[in-house]
Amino acid sequence: MLITNIGELVGIVPPGVRRKQGEEMSHTGVLRDAWLEVLDGRIASFGEMSAQVPDSRDGKVTDARGGMLMPAFCDSHTHIVHAGTREGEFIDKINGLSYEEIAARGGGILNSADLLHETPEDELYRQSMERVREMMSKGSCAMEIKSGYGLNPADELKMLRVIRRIKESVPAIVRSTFLGAHAVGRGYTHESYVQAVIDMLPEAAGLSDFVDVFCDKGFFTTEDTARILKAASSCGLRAKIHANELDVSGGVEVGVSCGALSVDHLERTTEAQIEILKGTPVMPVMLPSSSFFLGLPFGAARDFIGAGLGVALASDYNPGSSPSGDMRFVMALACIKMRLTPVQAFNALTLNAAYAMGVEDVSGSVTAGKRADLILTLPGWSLTRLPYNYTTPFIRSVFAAGMEI
Ligand code: NIG
Ligand code: FE
């Protein structure tokens, strides 16, 4: 496939660049009036229309008519395998109950676990696939999906099997995370559940790429987290951690000392934690749609970037704190509420997000040899306009590994 007359080809990154940090986050490679060639689902080459345009070799030619071509979004933190909705709690929230108060009343995550328990595996797959299709149509071609609404061995494994089935049935890249430690399952004490999670690890590891712990006030302590991550590491699982959503939880420190790939949420982070993250391979991931939905502070992404760190952004699509998987909305919140520039937000949603889910070698940028995971916009769009006209439709086509979806 050959795409011609691209108004702006954005997100060009040289081979070997795995993430962007600090000042690098304010830059991305751009070619104006360009073409791009896809061979066998991969980006083969690209250049300017004024130079030699390759022969289409009888392949399909798409005239971009001046539209922008950009890498598809990578959503490195989602909980899209869940049953039904929590609309009832939405009303409780409107009436003034906080996320923690809803959880303390036995609602929240436990509510979703009860629903998931009653939902047959095929039905869970069907509902989850609707969300996956919605996300792909909105431009996400890579997504991480967590378990964590099972909260007992049988239901956690049911979730992980559904994620594996999604992985096998969509052209998007899917990564699976075992989040047994999302809340204490019904019928367990705190201590017995932490042990149960550790006992689930060997079987869960066969179906997972990563492990996660909700290290936060009212959920799991830093000691629980360290124990679980140590056991997970001996099963070959690297960590991605929920940290600092409800409180300064110590999750950042545990994540750094356990060699986590990412620490996520970070609605409340101290300067000391920014210092700890410097010089580490850990990617800070912020989830502005949860801040928006729950009325929490927005992550201090500018301070992180100012300190020379990279930041990634994800949707956190889940029924309790972010019932949306729209990465363009995440971009708008990052620009409007966190005051990132459109280019910084774009790097956070693409290359850095790919890094945060371990797929930066195959997706997240326009780089020869990577999968052709691309968004072609309607004519007249630029990176700056995406978060500005933040509800106006902008997508003409989404390609996952070169396949239009
Ligand atoms: O990332 N914080 C923990 N987990 C999810 C919310 C889960 C839920 O409420 O269902 C989150 O916000
Ligand atoms: Fe989450």
Side-chain angles (χ1 to χ4, degrees), residues 75-90 92-93 97-117 119 124 127-128 131 143-151 155-156 159 163 175-185 210-220 224-225 239-249 251 255 260-268 283-299 312-325 327 330 333 353 356-357:
D75 196 342
S76 72
H77 181 139
T78 84
H79 307 251
I80 53 167
V81 172
H82 58 261
T85 69
R86 300 221 299 269
E87 287 159 49
E89 291 176 7
F90 181 49
D92 294 339
K93 190 176 93 72
L97 284 189
S98 71
Y99 184 81
E100 288 147 287
E101 284 162 342
I102 292 170
R105 296 199 323 180
I109 295 170
L110 290 179
N111 226 332
S112 289
D114 293 342
L115 248 175
L116 186 131
H117 179 71
T119 306
L124 185 62
Q127 291 185 18
S128 306
R131 299 179 195 111
M143 55 195 79
E144 180 258 19
I145 310 175
K146 300 174 194 293
S147 72
Y149 294 116
L151 310 181
D155 290 333
E156 281 297 309
M159 289 190 75
I163 302 173
R175 289 288 177 270
S176 164
T177 298
F178 173 56
L179 175 57
H182 198 193
V184 172
F210 302 107
V211 65
D212 194 344
V213 175
F214 188 8
C215 179
D216 222 318
K217 191 170 84 185
F219 290 85
F220 295 91
D224 301 332
T225 308
K240 293 167 64 61
I241 303 182
H242 279 73
N244 293 17
E245 178 182 2
L246 308 172
D247 201 2
V248 179
S249 69
L261 179 58
S262 70
V263 287
D264 301 28
H265 269 286
L266 310 176
E267 283 84 351
R268 317 160 195 271
M283 178 61 74
V285 179
M286 295 183 186
L287 312 168
S289 16
S290 318
S291 300
F292 172 76
F293 190 77
L294 295 183
L296 300 176
F298 285 85
L313 292 162
S315 75
D316 198 16
Y317 196 172
N318 76 75
S321 68
S322 173
S324 159
M327 292 290 269
V330 172
L333 289 174
M357 56 183 287

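Being a predicted model, the structure only gives us computed values, none of them experimental. We count ligands from 1, going down the list as the structure has it; atoms in each ligand are counted the same way. Here, residue 1 is the first one in the sequence, and each next residue gets the next number.
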Can [X] and [Y] be counted as having a side-chain donor-acceptor contact under 3.5 angstrom?
X	Y	result
D212	H242	yes
T78	D75	no
S262	D264	yes
N244	E267	no
S76	E144	no

Contacting atoms of ligand 1, where contact means under 4.0 angstrom from a heavy atom of [X]:
X	result
I109	7 (C), 8 (C), 9 (O), 10 (O)
Y99	6 (C), 7 (C), 8 (C), 9 (O)
H77	1 (O)
N318	5 (C), 6 (C), 7 (C), 8 (C), 9 (O), 10 (O), 11 (C), 12 (O)
E245	2 (N), 3 (C), 12 (O)
Y149	7 (C), 8 (C), 10 (O)
R86	8 (C), 9 (O), 10 (O)
S321	6 (C), 11 (C), 12 (O)

I need the full list of salt bridge (charged side-chain N to carboxylate O under 4.0 Å, His left out) pairs touching residues 104-114, with sequence neighbours left out, sorted by first then second residue.
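Salt bridge (charged side-chain N to carboxylate O under 4.0 Å, His left out) check on residues 104-114 returns D92-R105, D114-R186.
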Which residues pass the salt bridge (Lys or Arg N to Asp or Glu O under 4.0 Å) test with E101, sequence neighbours left out?
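Applying salt bridge (Lys or Arg N to Asp or Glu O under 4.0 Å) to E101 gives none.
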At a cut-off of 2.8 Å, what protein N/O/S atoms sit near the Fe ion (ligand 2)?
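N, O, S partners closer than 2.8 Å: H77 NE2, H79 NE2, H242 NE2, D316 OD1.
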Measure the distances from the heavy atoms of F219 to every atom of ligand 1 and state whether one is below 4.0 angstrom.
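Contact absent.
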What protein heavy atom sits nearest atom 4 (N) of ligand 1, and how far away is it?
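Its nearest protein heavy-atom neighbour is H182 NE2, 2.8 Å.
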Of the protein's non-hydrogen atoms, which lies at the shortest distance from atom 11 (C) of ligand 1, and what is that distance?
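The closest one turns out to be D316 OD2, 3.1 Å.
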Aromatic plane relationship, H265 with H77 - under 30° parallel, 30 to 60° tilted, over 60° perpendicular:
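The arrangement is perpendicular - the two ring planes meet at more than 60°.
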Where does the angle between the aromatic ring planes of H79 and H182 fall among parallel (under 30°), tilted (30 to 60°) and perpendicular (over 60°)?
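H79 vs H182 ring planes: parallel.
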Heavy-atom count around Y99 OH within 6.0 Å, excluding the residue itself: above 12?
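Enclosed: over 12 neighbouring heavy atoms sit under 6.0 Å from OH of Y99.
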Can you name the residues that form a side chain to side chain contact (heavy atoms under 4.5 Å, CB included) with T85, not counting sequence neighbours?
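E87.
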